[in-house]
Amino acid sequence: MTLKFHNTPTQEVEEFVSLTEKKALVYTCGPTVYDYPHIGNWVAYIHWDTLVRILMANNYDVTRVMNVTDVGHLTSDADEGEDKLEKGARREGKTAWEIAKFYTDDFLSGMNKLGMIEPQHIAKATDYIPQQLDLVRTLMQRGYTYQITDGIYYDTSKFPTYADFARLKPEAQKAGARVEINPEKKNHSDFALWKFTPAGEKRDMEWETPADLLEKKADNKPVMGFPGWHLECSAISMALLGNTIDIHTGGIDHIPVHHTNEIAQSEAATGVRFSNYWIHCNHLKVDSTKISKSLGNGYTLKDLEDKGFSAMDYRMFVLQGHYSNEGNFTFDALTSAKNRLHNWRNIAALRHQIHDTLQNDRDKVASDKTVLLYAAPQAVIEAISNDLGTPEALRIIDDAFARILRARLDNIHRHAFLELLETIDATLGLQLLDSTPDISDEAKSIILERNRAREQKDWLKSDALRDRLLEQGILIRDTDKDSIWEYKS
RNA sequence: GGCGCGUUGGCGGAGCGGUUACGCAGAGGUCUGCAAAACCUUUCAGAUGAGUUCGACUCUCAUACGUGCCUCCA
């Protein structure tokens, strides 16, 4: 099967060809762990989880790295702002290290709730300080750096293709820029590789700047410092995956600055292409407007849970939209997604109610319905392989489920049905199988008893038994042949 | 000023060059011991104007409106 992705540099949907056959090296720009992630942040990770799943469904051996930014991410890219971690630490009266640990753990637990496949490597920026310093050293030796008062900077004018990736037009951009320009910088787009701790300050997180990286030293005191944000992704990616990787993912906001800078510093250092494919997801709006702290619409998973929505409900909501489109979150839309997932679960639960022999299955192969059901898993994989077309995949699943719902239980091909459910869980991570356990033997015997009562037209008894099942969270609906149970919503 | 994304039926929101999304809500009906479900029907679907085409909601261009990025952010 052909895998295709929209590749940012070419702005086209391209066929995916990996560096090594059937192996995929993937790098995901991870969270800055200074606060709870909001639903907009999670959109990206849900899409990248789908990316990993569809690679695996196409038999790729995936090695994925996600960094955790636990140092150096400034609140402003004018390279003057505070470090987010240090700021968060002051806010909560803790050290930056404690803040990083707390929010990293919270992030990982969120990934788990959302049913994500954990990357093979979760790399903390602070664990890769030597590699980052090595990268600065290489860039220095190649003449790409210069030192000013507050740090060591990358000279973007030395990298001729700097503007290409994001199709930047530096002069035009300047006109509308809201950034204060650091007068010591040679070019507007130059960025800090390594920042010096300001004189007289002591940071929770700081490292000694190696002497050979400093242009000149006034005295013999160590110069403390910390990495600029862009440096870590390059250093970690190259350390764990090599100089060139297959796919680098991120949000669209990363295109003009973060990824542009990653490419500049990585390719200047190695002389080879940093990543063959760049996949970027669009942003999520809430109630048609941007997510921002001041509007109070940056809901967290916890906020959704408090309102009665699970992480999986939210995952369904995200999968309903395409990653390249701007999404719009509303609680009505989330309710729709929740209902859809609930309906799907009830359909998944039908597998407990089909009692087949192999012989039955063989007989059913002949019918058109079962043929269509057999085609569904492949169709789902194809849809997602085509530039992560999850909305199309959901449509295919709805189609297949509608056929199942209309069919009588003994007309459903159990094997094909199970295969479809397994494919859905493998590619979309909705955990339909895990979330739909069989009912208890007691409940089953109540259903049998009720069926006997119905045969005897003892409606009083049958309705009483139905109420008893309802108390256990089990709804019964009678069709002309079967009595089917469902989970109460 | 530059770079993007969007505009679909009562609401939210998809796919597709020629046929149903789906969810929520309303109305009528079929079926049913009842309930539920399912199914059928229904309320101007495709911002506007051109173009390509035998044929466009789907491709191209323009216009209008909305919205995001160009400080940190997914």
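Proteins come first, then strands; the chains are lettered A, B, ... in the order of their sequence lines, and each starts at number 1. When reading the values below, keep in mind they use all heavy atoms of this one structure, side chains included, and skip hydrogens, waters and symmetry mates.
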(message) Between B:G10 and B:A45, how far apart are the two P atoms, rounded to whole Å?
(response) 8 Å
(message) Of the listed nucleotides (B:A74, B:A35, B:G6), which one gets closest to any side-chain atom of A:N325?
(response) B:G6
(request) Just do the side-chain contact (heavy atoms from CB on, under 4.5 Å) check on A:N261 and A:Y162 with the steps written out, would you? (result) CA-CA 8 Å; A:N261 290 348; A:Y162 182 80; 2.4 Å; yes
(message) Under 4.0 Å, counting only non-hydrogen atoms across every strand here, what does A:G250 touch: a base, just sugar-phosphate, or nothing?
(response) sugar-phosphate
Distances under 3.5 Å between protein N/O atoms and the N/O atoms of nucleotides 37-39 of chain B, please, pair by pair.
residue : atom : partner : partner atom : Å
B:A37   : O2'  : A:R477  : NH1          : 3.2

(request) Choose from B:G12, B:A74, B:G15 the nucleotide whose nearest atom is closest to any side-chain atom of A:L284. (result) B:A74
(message) Can you measure A:F401 atom CZ to B:A21 atom C1' for me and round it to whole angstrom units?
(response) 15 Å
(message) According to ring pair (Phe, Tyr, Trp, His ring centres under 6.0 Å), who are the partners of A:W485, at least two apart in sequence or on a separate chain?
(response) A:Y487
(request) Could you tell me which residues satisfy salt bridge (charged side-chain N to carboxylate O under 4.0 Å, His left out) with A:D438, sequence neighbours excluded, listed by chain and number? (result) A:K444
(message) Has A:D190 got a side-chain atom pairing as donor or acceptor with A:N187's backbone, closer than 3.5 angstrom?
(response) yes
(request) Write down the distance separating the C1' atoms in B:C44 and B:A35, rounded off to the nearest Å. (result) 37 Å
(message) Between B:C54 and B:C69, how far apart are the two P atoms, rounded to whole Å?
(response) 44 Å
(request) Round to the nearest Å and state the distance from A:N451 atom CG to B:U32 atom C1'. (result) 15 Å
(message) A cation-pi test, strictly: NZ or CZ of A:K307 under 6.0 Å from the centre of the six-membered ring of A:F331 and no more than 45 degrees from its axis. Yes or no?
(response) yes
(request) Using atom CG of A:L319 as one end and atom P of B:G13 as the other, report the distance to the nearest whole Å. (result) 16 Å
(request) Take the protein atom CG of A:D35 and the nucleotide atom C1' of B:A74, then report the distance between them rounded to whole Å. (result) 15 Å
(request) Could you please name the option among B:U67, B:G15, B:A74 that lies closest to any side-chain atom of A:K285? (result) B:U67
(message) Test your reading of the model: is there a side-chain donor-acceptor pair from A:R340 to the backbone of A:F317, 3.5 Å cut-off?
(response) no
(message) Looking only at the side chain of A:R454 (C-beta and beyond, no hydrogens), which of the listed nucleotides B:G15, B:G33, B:G68 gets closest?
(response) B:G33
(request) Mind calculating the distance between CG (A:D253) and C1' (B:C72) to the nearest angstrom? (result) 9 Å
(request) Would you indicate which nucleotide in B:G68, B:C34, B:A21 comes nearest to any side-chain atom of A:R340? (result) B:A21
(request) Just call it for A:T249: base, sugar-phosphate, or nothing, with non-hydrogen atoms closer than 4.0 Å on any strand. (result) nothing
(message) Considering every strand and a 4.0 Å limit on heavy-atom distances, what is the contact class for A:D398: base, sugar-phosphate, or nothing?
(response) sugar-phosphate
(message) In terms of relative ring orientation, are A:F191 and A:Y154 parallel, tilted or perpendicular, with 30° and 60° separating the classes?
(response) parallel
(request) Can you tell me which residue pairs pass the ring-ring contact (aromatic ring centres under 6.0 Å, His included) test with a partner in residues 448-470 of chain A, sequence neighbours excluded? (result) none
(message) Return whichever of A:L460 or A:A337 has its heavy-atom-nearest nucleotide of RNA chain B closer to the 5' end.
(response) A:A337
(request) Decide, yes or no, whether a salt bridge links A:R450 with A:D478 under the criterion of side-chain N to carboxylate O below 4.0 Å. (result) yes
(request) Answer with base, sugar-phosphate or nothing: what part of the nucleic acid does A:H38 contact at a heavy-atom distance below 4.0 Å? (result) base
(request) Using whole Å, report how far NE2 of A:H259 lies from P of B:G4. (result) 18 Å
(message) Check this one for me: any side-chain N or O of A:N328 less than 4.0 Å away from OP1 or OP2 of B:G6?
(response) no
(request) Give the rounded distance in Å between these two atoms: CE of A:M316 and P of B:C22. (result) 14 Å
(message) Taking any heavy-atom pair under 4.0 Å as a contact, classify A:I396: base, sugar-phosphate, or nothing.
(response) nothing
(message) What is the separation between atom CD1 on A:I384 and atom P on B:G15, rounded to the nearest whole Å?
(response) 14 Å
(request) Quick one: the dot-bracket string of RNA chain B, using Watson-Crick and G-U wobble pairs with both distances under 3.5 Å, [ ] for crossing pairs and | for bases paired to another strand. (result) (((((((..(((.....[...))).(((((.......)))))....(((((..]....))))))))))))....
(message) From the set B:A74, B:G12, B:G33, return the single nucleotide nearest to any side-chain atom of A:D463.
(response) B:G33
(request) With the side chain of A:W229 defined as its heavy atoms from C-beta on, choose the nearest nucleotide among B:G33, B:C72, B:C69. (result) B:C72
(request) Identify which nucleotide among B:G15, B:A74, B:C34 has an atom closest to any side-chain atom of A:R450, counting heavy atoms from C-beta outward. (result) B:C34
(request) Could you pick out which residue, A:P391 or A:C281, lies toward the 5' side of RNA chain B when each is mapped onto its nearest nucleotide? (result) A:P391
(request) Applying side-chain hydrogen bond (donor to acceptor under 3.5 Å, both in side chains), name anything that partners A:E486, two or more places apart in sequence or on another chain. (result) A:R477
(request) Taking the side chain as every heavy atom from C-beta outward, state whether A:L304 and A:D313 have any pair of such atoms under 4.5 Å apart. (result) no
(message) Looking at A:N339, I'd like to know whether one of its side-chain N or O atoms comes within less than 4.0 Å of OP1 or OP2 on B:G23.
(response) no
